[in-house]
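Read through the structure below, which is laid out as structure tokens, and then see the notes.
Computed from a predicted structure; not experimentally measured. Computed from heavy atoms alone, side chains included, the values below leave out hydrogens, waters and symmetry copies. By convention in this document, chain letters (A, B, ...) are assigned in the order of the sequence lines, proteins followed by strands, and residues within each chain are numbered from 1.
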Protein chains: 4
Amino acid sequence: MIIKLTKGTTTDQVNHIVKIFENLGMEVKDASGKEYGVLGIIGDTSKLSVRDIEAIEGVEKVTRIQEPFKKANKKMQEESTIVDVNGIKIGEGTFTIMSGPCSVESRDQILEVARSVKKSGAQILRGGAYKPRTSPYAFQGMELEGLELLKEARKETGMPIVTEIMSVDLVERFAREVDIIQVGARNMQNFDLLKALGKIDKPILLKRGLSATIEEWLMSAEYIMAGGNEKVILCERGIRTYEKFTRNTLDLSAVLAVKKLSHLPVIVDPSHATGKRWMVKKLAMAAAAVGADGLMIEVHNDPENALCDGAQSLRPEQFEDLVIDVKKILEVVNKKM
Amino acid sequence: MIIKLTKGTTTDQVNHIVKIFENLGMEVKDASGKEYGVLGIIGDTSKLSVRDIEAIEGVEKVTRIQEPFKKANKKMQEESTIVDVNGIKIGEGTFTIMSGPCSVESRDQILEVARSVKKSGAQILRGGAYKPRTSPYAFQGMELEGLELLKEARKETGMPIVTEIMSVDLVERFAREVDIIQVGARNMQNFDLLKALGKIDKPILLKRGLSATIEEWLMSAEYIMAGGNEKVILCERGIRTYEKFTRNTLDLSAVLAVKKLSHLPVIVDPSHATGKRWMVKKLAMAAAAVGADGLMIEVHNDPENALCDGAQSLRPEQFEDLVIDVKKILEVVNKKM
Amino acid sequence: MIIKLTKGTTTDQVNHIVKIFENLGMEVKDASGKEYGVLGIIGDTSKLSVRDIEAIEGVEKVTRIQEPFKKANKKMQEESTIVDVNGIKIGEGTFTIMSGPCSVESRDQILEVARSVKKSGAQILRGGAYKPRTSPYAFQGMELEGLELLKEARKETGMPIVTEIMSVDLVERFAREVDIIQVGARNMQNFDLLKALGKIDKPILLKRGLSATIEEWLMSAEYIMAGGNEKVILCERGIRTYEKFTRNTLDLSAVLAVKKLSHLPVIVDPSHATGKRWMVKKLAMAAAAVGADGLMIEVHNDPENALCDGAQSLRPEQFEDLVIDVKKILEVVNKKM
Amino acid sequence: MIIKLTKGTTTDQVNHIVKIFENLGMEVKDASGKEYGVLGIIGDTSKLSVRDIEAIEGVEKVTRIQEPFKKANKKMQEESTIVDVNGIKIGEGTFTIMSGPCSVESRDQILEVARSVKKSGAQILRGGAYKPRTSPYAFQGMELEGLELLKEARKETGMPIVTEIMSVDLVERFAREVDIIQVGARNMQNFDLLKALGKIDKPILLKRGLSATIEEWLMSAEYIMAGGNEKVILCERGIRTYEKFTRNTLDLSAVLAVKKLSHLPVIVDPSHATGKRWMVKKLAMAAAAVGADGLMIEVHNDPENALCDGAQSLRPEQFEDLVIDVKKILEVVNKKM
């Protein structure tokens, strides 16, 4: 950690600052120039908050050298994490497609979509039972009934299921009944929920928050891992920018950044990123080309009458076409589904 | 709601679209031009999602005419909402200052700060018992013990208390023991929590999300109000932008926007917005000038040794100075504390 | 164009608004609902500014139905524009790589890099003679001397050259001596320059502005085309967002958006987008996968001692490797270089 | 400047890096910790680009300690710069209002508005002769004829005039005929123009770019000052964010930031920031409260029929009302117009 001192800081103030860090068991090195006083703080600074240190009289600016995440950090674990979901390996070297409708709407719908995406090559079935909707007046999901239908679809197709959790109350049930528990973008910093998920032994799919930095996203993974659950899969789903042509701006460089900083798997969701059906396939191919470990794709058998996000859902035949073209890209990057 | 049709849409497709809306009990008007087919949808469209309609074949773009919030909408209630907190009126025409430390750290600290801010003119005591921290390794608050200390400070000073809730489990206790329940920026779209808070009878302070639009913010208020609890106070606390000199960018025009769109009270938190102590007073004065209904200001008796966000906390004498200058602005805008 | 009227607008005001548009030769249709007055304006609204109409008493909000760009609009020209640069076709169906150093630094440097990138497969040579630098104290380019060296490299290798223009004074010379004239991100809305470039007959490479919307970008293309020069090539180079891990956020969905809205070619510059050498190849592959018409890639024979942007410049052998892998992606998408 | 080394950097590489900086006349200090190699670079680093240094093998991240601007830096000049415009002092301690129409439209219009704003208290007359418009089909200003009308209005009212320049060709004429030359947001990094303005002796009003950081804004001021012209007035006019209720997001904390970092005067333009007439007065009052040195306000005698930006223009009587209320705020902050 590097501390730039305010111009005109007295020797007494500097000594006071040095003492604060020495009392915390850190070593302090002087790296001052002609114009500015600069201190280098050496030791485990992950517990220190940049903002708290900037509160100290005489401190102008603090720069972190060490990343604040530990268990999620590639520097702590060279080897890539592979998350095993009922025998399906998710992580470096493989490619996994999770697919299904935005929300479970009926027995017929989820079974039909499940069979169809399985046939096309999806390995994991997604489907929302509890839906985070901007409006309290919009359809909120089939809830427990939806979860039962997902289980039925799993039984019939053999595909593991992933679904979003919105409430700490349901952690125990989801841990028992679901194969991957999804944390949505809006809950990425619901620390109460993250802590609860850290205590169970179940893969977690952690979506990037609407405007989360890569560091904040990895810190949310760290919350789960710090509790003991190291089975975290990250999911890039677009970030909020000034551009409004697309719903969000898909940040494919984030895949590369995560691969550099962390050993965790990272997949891409082009459906939510763009909100536009006609953009999904090409961006899925781009995600495969950039090195993502998989995709999450929304598919609906009747998108016009979908109760949620039909505009971004592919029809089954479009999904089949997507898988065919994504596989061609995977050959180029030497990966297999 | 206005629907722009894709070029080349057939008459059959248009008729199909018209039928969809007529089946939903809406009326459809043709507003087509020479180049584009355009339909106007008339009726209560608040339950419809723009994205779902964009899924329909032949629909290119949907524009909402009616705001999606109802109970929070000024068009539904001309009169400004005044939230009464133990006799303190919060809303149009008055000005309320909530002040106290970022987090409760000890009995001495909270009592000393409470006495001091009361003397300077604050009407409501703030203090965090449960703290949302980016890092799992950072201080997470004194939790229940902190809540007890806040209650003690209330007993001694007579000031109502406001503190942040992070968990649905605590709603019942907070409803009983706290005077205003704060929803933090990171939980603005924790819909599970919002629904639970809609069922109690207690004022809610709803902070704007890190990158929430004004409409999304009002929709989160709507979640609480739809459940029956109409005592919502909004709080602007800065938004995330590309500019990194300040922690967030304080959006004072949002105060004017909220006043135009809604009847709910709105206060401003310049401490979290900037993260810089030396900016707080001037921005507090600006917030008073622009027409906010109050302020939330962090004060700490020993910011250098604060366990949380010391850099943005005023010392008690700085807070006293702030109140004096804010009062001068209030005279200009004809308001009283 | 759709106009939402302010609640409480009188019949006189509405009549006044109707007359304004009728005087402009437009037709006005009533599309009002129960709660809101809504007017549909029919005719060529491309000259009207949304903000000017919102100035009219009684107008609450204006929504454009027709895109404001005409010559750049796909609706006006179905067929994709192919820009011919000395026999090299840039546009739909082909793939063109422009490569070379950020700035021309010496005769040896530009000749060595030119030979090397040509051998690896680049078709067009890039190199900055005039450099837009944030600091007035940084190297500003070799200027005319740099231009002469570029011409020499063209003579030796036969590659057409593309270089950035910063001044209207140089338009005539560049039109004579350069093969593609580049407009940098910072000058995307330098309308004075765009108008001058509209009057010449020379391909223009128009980079997207730092925070330009796709519509603004196409409007800048429209400025050039309105003057008579329709040889515009667009270049996505990352946009400014809150995320700071990368220099900018590469927006690959913008390639798809441009292809939908316009008939103009669009290429991608992953070097400037990320500012990080190790990200360039993978994002170049993703750009090819998503359907871009080409790439602009920085290559330097000695990036450590580059006078500009070495951090994002590939070494020649890295560029060779990039071309090999991009070609594999091009096979998948049925394109040839 | 602080350099974090990549993990695993060899001693040879470190020695190589040290030599690079020593050859540039800098001193290098070791500030390494247990986990990371860290070097402190001491000397005048203003000519070095962070990105260039990040190109060096073994360098992971570079952090600037010294600000890259010099002449604009408060550390170089404690005393606030006061720009004298025909006897009107602009800067710390005073408050100046520049007012007039978005664009000059006719002799009657500019004379009428000029007389009116003067009577209400404006000291400087603004008016656009050359207009930067997003669309090539929109009104581009009266150009030279507009300039002549501005001069006539100056002659009649005695008010100095400020108008926007878009072309280097006009610098000489503007230097002769105009009192303050405005650089618009879109040209803030038109370095060619900035350099030309650095060579004349005339006050420059430099608007903040659409998405410029405070540092980039000051670097653009530095461009002008480096050429010898130190009469720079900064103007905050809103930044581009994801929020679309307002045209831009007015960043009043930027006023405080500029005052901390620089000695230059800074004024605020709430008209362009919001694009909404009804927001202008309250934000003008907030700008005065926060400590701005003045305002730029658009006024039009007939905003409904304005050829440009009528939606944000005040009517003369609204401007008069604004000045009255702003003056009350100025009394609180001990300033005089």
Side-chain angles (χ1 to χ4, degrees), chain B residues 67 208-218 236 238-261 268 270 273-292 324-334, chain D residues 67 208-218 236 238-261 268 270 273-292 324-334:
Chain B
E67 289 97 359
R208 185 178 183 183
L210 294 180
S211 65
T213 61
I214 290 165
E215 187 176 298
E216 287 168 345
W217 190 18
L218 289 171
E236 158 66 29
I239 59 173
R240 180 157 281 183
T241 70
Y242 68 86
E243 176 60 66
K244 297 301 174 211
F245 187 84
T246 42
R247 195 169 150 197
N248 301 287
T249 299
L250 185 65
D251 179 10
L252 287 181
S253 53
V255 172
L256 296 171
V258 165
K259 290 275 171 192
K260 185 87 164 185
L261 297 169
V268 170
T274 61
K276 291 183 189 295
R277 186 186 302 143
W278 56 272
M279 282 192 169
V280 172
K281 180 177 123 174
K282 293 280 188 183
L283 288 170
M285 291 168 73
V290 96
I324 290 168
D325 281 349
V326 165
K327 278 184 176 165
K328 292 180 193 161
I329 300 285
L330 292 177
E331 270 178 50
V332 173
V333 297
N334 283 319
Chain D
E67 289 96 0
R208 184 176 182 185
L210 294 179
S211 66
T213 62
I214 290 165
E215 188 177 297
E216 287 167 344
W217 189 18
L218 290 171
E236 159 66 26
I239 59 173
R240 180 157 279 183
T241 70
Y242 67 86
E243 176 62 66
K244 297 300 174 213
F245 187 83
T246 42
R247 193 170 151 197
N248 300 287
T249 299
L250 184 65
D251 179 11
L252 287 181
S253 53
V255 172
L256 297 170
V258 165
K259 290 274 172 193
K260 185 86 166 187
L261 296 170
V268 170
T274 62
K276 291 180 189 294
R277 187 186 303 143
W278 57 271
M279 281 194 170
V280 171
K281 178 177 124 172
K282 292 280 188 183
L283 287 170
M285 292 168 72
V290 95
I324 290 168
D325 280 350
V326 164
K327 277 184 176 165
K328 291 180 193 160
I329 300 285
L330 292 177
E331 268 177 54
V332 173
V333 297
N334 285 316

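- Neither the backbone nor the side chain of B:Val255 comes within contact range of chain D; no heavy atoms are under 4.5 Å apart.
- Of the atoms belonging to B:Leu250, it is backbone heavy atoms, and not side-chain ones, that fall under 4.5 Å from chain D.
- Taking B:Met285, B:Lys282, B:Glu243 one by one and counting their heavy-atom pairs under 4.5 Å with chain D, the maximum is reached by B:Glu243.
- The candidate from D:Glu215, D:Lys260, D:Lys276 with the greatest count of non-hydrogen atom pairs under 4.5 Å with chain B is D:Lys260.
- Contact between B:Leu256 and D:Trp278 at its shortest, heavy atoms only, is O-CZ3, 3.7 Å.
- For B:Ser253, the parts sitting under 4.5 Å from any heavy atom of chain D are the backbone and the side chain alike.
- When D:Met279, D:Lys244, D:Lys281 are compared by the number of non-hydrogen pairs under 4.5 Å with chain B, D:Met279 comes out ahead.
- Between chain D and the options B:Ile329, B:Thr274, B:Thr246, heavy-atom pairs under 4.5 Å are most frequent for B:Ile329.
- No side-chain donor-acceptor contact under 3.5 Å links D:Tyr242 to the backbone of B:Thr241.
- The two residues D:Val332 and B:Asp325 make their nearest non-hydrogen contact at CG1-O, 4.3 Å.
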